Amino acid sequence: MFMCHQMAMKKEAQEKLKAEQLRKAQAAFDVPIIWILGGPGCGKGTQCAKIVEKYGFTHLSSGDLLREEVASGSDKGRELQDIMSKGGLVSNQEVLSLLNGAVTRAKGNSKGFLIDGYPREKNQGIAFEEQIAPADLALYFECSEDTMVQRIMARASAAAVKRADDNETTIRSRLQTFKQNTSAILALYIEKTLTINAERDVEDIFVEVVDAIDCVLKKRQKAVASC
């Protein structure tokens, strides 16, 4: 019984130490980092554009960074293209390296970072906070599966180039995977996550987004003032 108590005390002390280390790392990073989470068709792209316009934050999408690296024709881009053309998955470390590079390049001139579509599973979140910086806030744009399917199908039908995987069965399968992975992320980051109903008017959603970001900025200002 005594040993169990000692182990529990040790675990609690380790968790407190880790939390304090993350807090200091977050304070050392002089602009906010916000994770933008949500399934395809949830409208997070629209909200990111509005956040950039209002706050001047830097919008980084892991998918865009991968495509840009491939388009650059670099050795790394050719490696990534080879992996993706064979249907393989780019490793988390490769994606994290691209994000880290983009954050480092923009850091001196950026007022904040929106990390769009990342993390996609909880281990990616842990690696991001350890290797780049802790996130101040995670905005999760929640949307029903049926709504997202309708939006994706409508977007696909309007596209000039049709994709073979733009069918309802495949889309629902992808959304199920997304839902499972996102549930694990939300469970791990309860304290810093705000879930937003994304099935409302764009402006109504943005009001809630602004309130959350303003709260983060005030919290950071208060932390700086107390130093």
Side-chain angles (χ1 to χ4, degrees), residues 9-38 42-62 96 99-120 122-142 182-198 200-227:
M9 291 283 286
K10 184 178 180 181
K11 184 178 180 182
E12 183 179 354
Q14 288 173 337
E15 288 176 349
K16 285 183 178 179
L17 177 61
K18 187 174 181 180
E20 179 62 16
Q21 289 172 335
L22 284 173
R23 187 192 67 77
K24 288 181 178 179
Q26 188 177 61
F29 200 89
D30 56 4
V31 295
I33 291 181
I34 300 174
W35 288 341
I36 305 295
L37 309 176
C42 73
K44 58 187 172 67
T46 299
Q47 294 299 318
C48 281
K50 293 178 74 64
I51 294 169
V52 170
E53 182 181 5
K54 180 174 177 61
Y55 295 97
F57 288 0
T58 301
H59 180 202
L60 298 176
S61 161
S62 56
L96 200 57
L99 281 169
N100 199 4
V103 168
T104 300
R105 289 190 297 273
K107 188 178 177 184
N109 300 311
S110 181
K111 296 179 180 179
F113 290 94
L114 303 178
I115 310 299
D116 183 359
Y118 193 96
R120 293 180 183 273
K122 67 176 184 179
N123 289 332
Q124 291 181 347
I126 293 169
F128 183 100
E129 294 203 313
E130 289 177 346
Q131 297 180 40
I132 300 179
D136 293 79
L137 173 69
L139 292 176
Y140 172 50
F141 294 96
E142 187 175 47
T182 301
S183 294
I185 295 169
L186 299 181
L188 186 63
Y189 295 104
I190 293 173
E191 293 183 356
K192 65 175 65 177
T193 298
L194 174 64
T195 298
I196 295 176
N197 176 2
R200 298 171 295 158
D201 179 78
V202 168
E203 294 302 328
D204 290 339
I205 296 170
F206 192 56
V207 167
E208 198 168 343
V209 169
V210 167
D211 285 345
I213 295 177
D214 284 350
C215 184
V216 166
L217 294 176
K218 288 176 184 176
K219 187 176 179 180
R220 275 186 160 271
Q221 289 171 354
K222 186 176 180 181
V224 170
S226 64
C227 290

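Remember, predicted model here, so these are calculated numbers, not experimental data.
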In Å, rounded to the nearest 0.5 Å, how long is the span from [atom1] of [X] to [atom2] of [Y]?
{"X": "Ile33", "Y": "Glu129", "atom1": "CD1", "atom2": "CD", "value": "8.5 Å"}
{"X": "Ile196", "Y": "Asp204", "atom1": "CD1", "atom2": "CG", "value": "12.0 Å"}
{"X": "Asp116", "Y": "Leu99", "atom1": "CG", "atom2": "CG", "value": "10.5 Å"}
{"X": "Thr195", "Y": "Leu139", "atom1": "OG1", "atom2": "CG", "value": "9.5 Å"}
{"X": "Tyr140", "Y": "Leu186", "atom1": "OH", "atom2": "CG", "value": "6.0 Å"}
{"X": "Phe141", "Y": "Thr46", "atom1": "CZ", "atom2": "OG1", "value": "9.5 Å"}

Minimum heavy-atom separation for [X] to [Y], with atom names?
{"X": "His59", "Y": "Val52", "answer": "CB-CG2, 3.8 Å"}
{"X": "Pro119", "Y": "Ile185", "answer": "O-CD1, 3.2 Å"}
{"X": "Ser110", "Y": "Thr58", "answer": "OG-OG1, 2.8 Å"}
{"X": "Ala198", "Y": "Cys42", "answer": "CB-O, 3.5 Å"}

Show every donor-acceptor pair shorter than 3.5 Å between a side-chain atom in residues 207-214 and any protein atom, with sequence neighbours excluded, or say none if there are none.
{"residue": "Glu208", "atom": "OE1", "partner": "Arg200", "partner atom": "NH2", "Å": "2.7"}
{"residue": "Asp214", "atom": "OD1", "partner": "Tyr55", "partner atom": "OH", "Å": "2.8"}

Any salt bridge between Arg220 and Asp136, counting N to O under 4.0 Å?
yes

Partners of Ser62 by side chain to side chain contact (heavy atoms under 4.5 Å, CB included), sequence neighbours excluded?
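Here the qualifying residues are Val95, Tyr118, Arg120.
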
Test item: Lys44 side-chain N/O and Leu37 main-chain N/O as donor-acceptor pair under 3.5 Å
no

Strictly distance-based, threshold 3.5 Å: is any side-chain N or O of Gln47 a donor or acceptor partner for the main-chain N or O of Val202?
yes

Do Asp30 and Lys107 have side chains that get closer than 4.5 Å, going by heavy atoms?
yes

Check whether any side-chain heavy atom of Val31 lies under 4.5 Å from a side-chain heavy atom of Phe57, and answer yes or no.
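Side-chain contact under 4.5 Å: no.
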
Selection residues 46-60 - residue pairs positive for salt bridge (charged side-chain N to carboxylate O under 4.0 Å, His left out), sequence neighbours left out:
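Matches after skipping sequence neighbours: Lys50-Glu203.
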
Centroid separation under 6.0 Å, is that true for the rings of Tyr189 and Trp35?
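Yes; Tyr189 has its ring centre under 6.0 Å from that of Trp35.
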
